[in-house]
> 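Structure in structure tokens, see below.
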Amino acid sequence: MSDQRVLATEFEMLAALMEVAGQNAFKVAAVRRVARVLEDFEGDLRAVAAEPGALESMDGVGKSSASKIRQWCDDGTIAELDTLRGEIPAGLVPLLDVSGLGPKTVGRLWREADVTDHASLRAAIDDGRLAALPRMGAKTIANILDSLNFAAQSADRTSIGRALPMAESLAEDLRSVDGVHRVEWAGSLRRGCETIGDIDLLATTSEPARLMERLTRRPDVTKVLASGDTKASVRLEAGIQVDLRVVDREAFGAALLYFTGSKEHNVALRHAANTRGMRLNEYGLFKDDGDETPPQDRGMSPLASVTEADIYQALDLPWHPPELRESHDSLDAAPPDLIDQGDIRCDLHTHTTASDGHLSIADMAREAIARGYHTLAITDHSKSSVQAGGLDEQRLRSHIDDIRAVDASLSEIRLLAGAEVDIHADGRLDYDDDLLAELDIVLAAPHVSLRQSPKDATKRLVAAVSHPLIHILVHPTGRIIGRRPGLEPDMDALVAAAAEHGTALEINANPQRLDLRDRHVRKALAAGARITINTDAHAAAHFDFMRYGVVTGRRGGLTAKSCINAYSASELMDWLDR
DNA sequence: GCCGTTTTCGGCCCGACTGTTTTCAGTCG
């Protein structure tokens, strides 16, 4: 793992321990912010640390954190963190993730009931120590126990590939309730994050009670966590939490903005409002008259509230698409004109029954035609991918003939004969150049040796993108979200080589991969490299993964102009032949 | 701990809901 990733988890741990120790919440938030900055950092951290003042010039990093980072670079530890680790049991930190337990309660459990981890918390519940504490009623304890049991059997975050279809079906169900005017999802799902914590739904209706009842009485609800006039929270069988808020129609934009987040974007917006003599909450943007009582409770009319765009405009800020509302996105700079799914006109990475796909060449072509594409590349695995039925030289030659034959029979679409060629650990390719030259399109991919050192990975991938016959480096790191981290090449070096040699970098749209990831896309674009978004389809339904790739591109600031898939058929052919 | 067209000190987003309380602390998003 890279220095900054390791250090980010150290700062995250520092923040958690400070919380349990009862330290000032703003300090904790500041430390946590540094963890995020480190998480997002791309480049050579030690080089930056060695340059006087460079760390301090990063947003959110001050003198104290800079000194901790340098300390860690020098001797691998942070004194303050070591001290806290010595004082506070490590087992308390995971308790912060148990729903309903916050820093105050965890601190109390530790100091007043000798709780040090999950197991001792259960023991304290069993032997009645918890019930003996003030403000620890039967319901509170039952909720803690329930959360403990839930946490024990479910993953903490859900892939966007699972959450988005779920949100679509929930929203459809709720839209059918009498009186409902509108239902939309917000939160990290709307921002297109690769994993999401829970599904946030926002609704307008003339009959809130009816809507709340529809959600809380769904057959797949396993627990109702909260249920009020304007808010309900439930847990579904699928192990995911759904929050539903009902808002007034006139306040929908303010509410959507608020519940979409990110938290940091909201804070920045509210700050912007404050400096302009205004006050922003989920009911609208109001003139700040200094009165503590919320303006909407005093019958004040908002300056803006109906749409998100109204609010940005009233703040004199450019509108930000949800995908560009993260902590690292600037509030003042006008966002680029992001690519849309409608801009996508081809899929350049797909598989057939020749290797490990489920459909024939002709069936794949039909799926692509149904999606309005002008071109489809058939790119089965190369010989080293034995487990995937990779093609040896002879089979590939006959596969090329098969693709050309089907292509000749179709007028609606152009089929490209391609291959997804393994990049060996040392950077060599799985086929000879003579054979690669016979293909219309050549993809290179790392499939094995995904734990090699960053240095070796960089060498390997730079060799691939520098090869004159390679058009695209696909799923460049080989990561699988939540399962394996994949390669950690020097992205600066990789995107620079890709830009220099005119090789495109893929955003693999499979929601388990999303590789390149959003921040790498940003880097690639800054270096002038081309991006392509492909589904890696092995079956008909996989063509629909495209939207996850598009949203990842959008999070990286991708425009149609920089994306190969938005080219016309002739532009694409020119690019392939260059 | 961080930051500055209010500020180098004194703030730091703000409201809903729950549970345990007779007015509010803690958590969550």
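In what follows, every chain begins at residue 1, and chains take the letters A, B, ... in the order their sequences are listed.
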> DNA chain B: H271(A) or D297(A), which has the more 5' nearest nucleotide?
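Final value for this comparison: H271(A).
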
> Does dC13(B) have OP1 or OP2 under 4.0 Å away from a side-chain N or O of Y283(A)?
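So the side chain of Y283(A) is outside the cut-off, no N or O lying under 4.0 Å from OP1 or OP2 of dC13(B).
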
> Output yes when K231(A) and D243(A) qualify as a salt bridge under the 4.0 Å nitrogen-oxygen rule, no when they do not.
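D243(A) and K231(A): not salt-bridged.
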
> Between E10(A) and R5(A), is there a side-chain N and carboxylate O pair less than 4.0 Å apart?
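Not counted as a salt bridge, because no side-chain N and carboxylate O are separated by less than 4.0 Å.
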
> Round to the nearest Å and state the distance from E264(A) atom CD to dC14(B) atom P.
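Value for this atom pair: 16 Å.
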
> Extract all donor-acceptor atom pairs below 3.5 Å that involve side chains of residues 107-116 of chain A and protein atoms in other chains or at least two apart in sequence.
residue: R108(A); atom: NH2; partner: P134(A); partner atom: O; Å: 2.6
residue: T116(A); atom: OG1; partner: S120(A); partner atom: OG; Å: 3.3

> Kindly state each residue pair satisfying side chain to side chain donor-acceptor pair (under 3.5 Å) with at least one member in residues 199-208 of chain A, sequence neighbours excluded.
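Residue pairs passing side chain to side chain donor-acceptor pair (under 3.5 Å), neighbours aside: H181(A)-T204(A), E207(A)-R210(A).
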
> To the nearest angstrom, how far is N143(A) atom CG from dC17(B) atom P?
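It works out to 16 Å between those atoms.
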
> With a cut-off of less than 4.0 Å, is there a side-chain N or O of S227(A) near OP1 or OP2 of dT18(B)?
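So the side chain of S227(A) is outside the cut-off, no N or O lying under 4.0 Å from OP1 or OP2 of dT18(B).
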
> Which residues satisfy the salt bridge (Lys or Arg N to Asp or Glu O under 4.0 Å) test with E250(A), sequence neighbours excluded?
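Partners of E250(A) by the salt bridge (Lys or Arg N to Asp or Glu O under 4.0 Å) criterion come out as none, since no residue qualifies.
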
> Students often get this wrong, so: under 4.0 angstrom with heavy atoms, is N281(A) touching a base, only sugar-phosphate, or nothing?
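Here N281(A) touches the backbone only, sparing every base.
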
> Suppose the criterion is salt bridge (Lys or Arg N to Asp or Glu O under 4.0 Å): which pairs have a residue in residues 159-172 of chain A, not counting sequence neighbours?
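Checked against salt bridge (Lys or Arg N to Asp or Glu O under 4.0 Å) - neighbours excluded - the pairs reaching residues 159-172 of chain A are E168(A)-R547(A).
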
> Test: salt bridge (Lys or Arg N to Asp or Glu O under 4.0 Å). Region: residues 316-326 of chain A. Which pairs qualify, not counting sequence neighbours?
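Of all non-adjacent pairs touching residues 316-326 of chain A, those that pass salt bridge (Lys or Arg N to Asp or Glu O under 4.0 Å) are R191(A)-E326(A), E308(A)-R325(A), E323(A)-R554(A), E326(A)-R555(A).
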
> Could you give the NZ-to-P distance, from K223(A) to dT18(B), as a whole number of Å?
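Interatomic distance, NZ of K223(A) to P of dT18(B): 12 Å.
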
> Which parts of nucleotides 20-29 of chain B does protein reach within less than 4.0 Å, heavy atoms only, written one letter per nucleotide 5' to 3' as B for base, S for sugar-phosphate only and - for none?
SS--BBSSSB

> Look through every strand shown and name the nucleotide pairing with dG29(B) as Watson-Crick or G-U wobble, where both distances are under 3.5 Å.
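Across any shown strand, dG29(B) pairs with dC14(B).
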
> For DNA chain B, determine which residues of residues 201-213 of chain A have any heavy atom closer than 4.0 angstrom to one of its atoms, and list them numerically.
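Within this stretch, nothing sits under 4.0 Å of the strand.
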
> In chain order, what residues pass the side-chain hydrogen bond (donor to acceptor under 3.5 Å, both in side chains) check against S176(A), with sequence neighbours excluded?
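Expected list: R214(A).
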
> Enumerate the salt bridge (Lys or Arg N to Asp or Glu O under 4.0 Å) contacts for residues 273-284 of chain A, please, sequence neighbours excluded, ordered by first and then second residue.
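Residue pairs with at least one partner in residues 273-284 of chain A: R245(A)-E282(A).
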
> Under the rule for salt bridge (Lys or Arg N to Asp or Glu O under 4.0 Å), what residues qualify as partners of R32(A), not counting sequence neighbours?
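By the salt bridge (Lys or Arg N to Asp or Glu O under 4.0 Å) rule, R32(A) matches E12(A), E19(A).
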
> Could you check how far CG of N266(A) sits from P of dG15(B), rounded to whole Å?
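So the two atoms are 13 Å apart, to the nearest Å.
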
> R46(A): which residues meet the salt bridge (Lys or Arg N to Asp or Glu O under 4.0 Å) condition with it, sequence neighbours left out?
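Applying salt bridge (Lys or Arg N to Asp or Glu O under 4.0 Å) to R46(A) gives D3(A).
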
> One character per nucleotide, please: for nucleotides 1-6 of chain B, 5' to 3', B when the base has a protein heavy atom closer than 4.0 Å, S when only the sugar-phosphate does, - otherwise.
BSS--S

